[in-house]
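To start, the structure under review is shown below, and the notes come after it.
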Amino acid sequence: MAITTTSYKNFINGEWAESTSKEVYEVTNPANEDEIVGKFPLSTEEDVNHAVQSAHKAFTEWRKVPASERAAYIYRFIELLDQNKERLGEVLCKEQGKPLKEAVTEVTRGVSEMRFVAGEAVRLDGTTLPSDRRGVLNMAVRVPIGVVAAITPWNFPVLTPLRKVIPALVCGCTAVLKPATETPLTSVIITELLEEAGLPKGTVNLVIGKGRKVGDALVGHELVKGVSFTGSTQVGRNIYETAAKTFTKVQLELGGNNPAVVADFNDLESAATQIVGGCYSNAGQRCTAIGRVIVLDKHADELEKHIVEKVKEYKVGPGMDAETKVGPVVNEGARSTLLEYMETAKDEGAHILLGGRSVTGGEYDKGHYFEPTVISGVTPDMKVAQEEIFGPVLIIIRVSSLDEAIEVSNNTEYGLTASVFTDNMEFGYRFMEDVDSGMIHINNGTISEGHMPFGGVKNSGVGPYSIGGTNKDFYTELKVTYIQHQ
Ligand code: NAD
């Protein structure tokens, strides 16, 4: 019997539509290349233009809908999201590869975060200040910026689109979502749920396709007033350049190369547990993954031993298998990049303590599996210490002093998140002050919370932090008004 593959469409002006190109591409399961997840449109500039025009038209009405009514649409959507968490989690697991449990957790995290975001609708506060003049009222009120382009990566294909589209709608903007080419199906389902929640036509649009074509056209479109992008630093730089030409506002959330310092810490086993958890979830493909352990010489042997013991317990396999702790990496390109890093690390004199190879044989041959890897004997200037590896790889750098630990932590172009495990709170505070990082964790992995600002410094990000209360600084702008009332 012939297996039919489902074809999916764009969503523009409240209608599901094929691309004007009529061309499609296939997405396959990273755990099993024989399994086709679906066929998706390769959209064109014309599709982008239709989507932006429809979002622009819808904006004229949506901006006037009272904030609490906008929130009511979103609360309806959140209920639907909650009801669909198992289904969406399964699709996410098959499309992107992460273990099912992590996938469902991503959706439930989305549900709880979006409740906070919906509540923000009635907290879009401005400012009033006393006037210098009698009988004058001075105020600054927030207004939505207009059409927002949401461009998302493949590593959190449920959470990242939600984190952009939902605050845009809550703040009174309309949105065009361009999901990662690798993971469009989760965005199709999210869009279906928004449609079911009754969002007026044109408020949310979905255009699927390649970054260069769809992404470029969106960022350069004169009616797009804000670009919220999460992805690599390189693509972020291109977007920043293009957006500058039209003075389009940006919120760029980029790469990371996150240190975990272990210094004057008694419970090395618990530090190892948190570091390993912070490194290998989502097969290390997290912007906030711990990638570099920076450890004082005196702790290093024992810490390495604990880390290796714990990583050995991480079973590699398909995300749908309940035993799996580390799923496949997203595609073959990602796996070959990891193999290249291994060769470079060895050439530069580092020592692969554990892993370092593809996992092959039997069912593994169908997917893109890579062993959870620990590399020791790394020095701060080696390529594996400098670059964002974005895979299940942890490197260990030994240092001889607290000063050196901070210096090495900062010795990277990135500044997203940084952790320290220490019983020496004086050092903990110093770390907080001297580390160039948007987010800092003292004695606590890298877990962020859904109502706290999230973002990075240096080459890890530009623009208002997303998540939490700071998001409104991106999706709104101020109107300052003086009223003579006497
Ligand atoms: P990517 O930069 O390759 O792609 C991200 C998105 O941009 C995709 O939708 C892609 O199609 C699109 N795109 C590609 N070229 C474009 C162009 N010229 N114009 C406009 N859009 C374009 O990133 P990725 O491989 O999908 O994701 C991994 C990267 O994302 C890592 O560097 C990771 O650290 C980063 N990331 C950062 C955060 C954060 O919050 N800081 C969160 C998750 C992921």
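When a ligand or atom number is given, it counts from 1 through the structure's own listing order. Sequential numbering from 1 along the given sequence is applied to the chain's residues. Just so it is clear, the structure is predicted and the values come from calculations on it, not from any experiment.
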Exercise. At a non-hydrogen distance cut-off of under 4.0 Å, which region of Pro179 contacts ligand 1 (side chain, backbone, both, or neither)?
Worked result: backbone
Exercise. Mind checking whether Phe431 and Ser409 have side chains closer than 4.5 Å, heavy atoms only?
Worked result: yes
For this session: Please check atom 32 (O) of ligand 1 for a protein heavy-atom neighbour under 4.0 Å.
Result: yes
For this session: Using distance alone, decide if ligand 1 has a nitrogen or oxygen within less than 3.5 Å of any nitrogen or oxygen in Ser460.
Result: no
Problem set entry | Nearest non-hydrogen partners of Leu254 and Asn459, listed with the distance | CB-O, 3.6 Å
Exercise. How does Val235 reach ligand 1, by side chain, by backbone, by both or by neither, if only non-hydrogen atoms under 4.0 Å count?
Worked result: side chain
Exercise. Any N/O of Lys178 closer than 3.5 Å to an N/O of ligand 1?
Worked result: yes
Seminar exercise, completed: Counting heavy atoms under 4.0 Å, the part of Phe156 that contacts ligand 1 is neither
Problem set entry | Side chain, backbone, both or neither: the part of Ile151 lying under 4.0 Å from ligand 1 by heavy atom | side chain
Exercise. Below 3.5 angstrom, do we get any N/O pair linking Leu254 and ligand 1?
Worked result: yes
Problem set entry | Within reach of ligand 1, part of Glu388 (heavy-atom separation under 4.0 Å) | side chain
For this session: State, yes or no, whether a side-chain contact exists between Lys325 and Tyr280 at a heavy-atom distance under 4.5 Å.
Result: no
Problem set entry | Sub-4.0 Å atoms of ligand 1 with respect to non-hydrogen atoms of Thr230 | 5 (C), 36 (N), 37 (C), 38 (C), 39 (C), 40 (O), 42 (C), 43 (C), 44 (C)
Exercise. Leu81 versus Leu162: any side-chain heavy-atom pair under 4.5 Å?
Worked result: yes
Problem set entry | Top protein contact for atom 42 (C) of ligand 1, by heavy-atom distance | Cys287 SG, 2.9 Å
Exercise. What part of Asn155, side chain, backbone, both or neither, has a heavy atom within less than 4.0 angstrom of ligand 1?
Worked result: side chain
Seminar exercise, completed: When distances are taken from atom 14 (C) of ligand 1, the protein heavy atom at minimum range is Gly211 CA, 3.5 Å
For this session: Check whether any side-chain heavy atom of Ile307 lies under 4.5 Å from a side-chain heavy atom of Leu353, and answer yes or no.
Result: no
Seminar exercise, completed: atom 9 (O) of ligand 1: closest protein heavy atom, distance to 0.1 Å, is Thr152 O, 2.7 Å
For this session: State whether the shortest distance between N or O atoms of Trp154 and N or O atoms of ligand 1 falls below 3.5 angstrom.
Result: yes
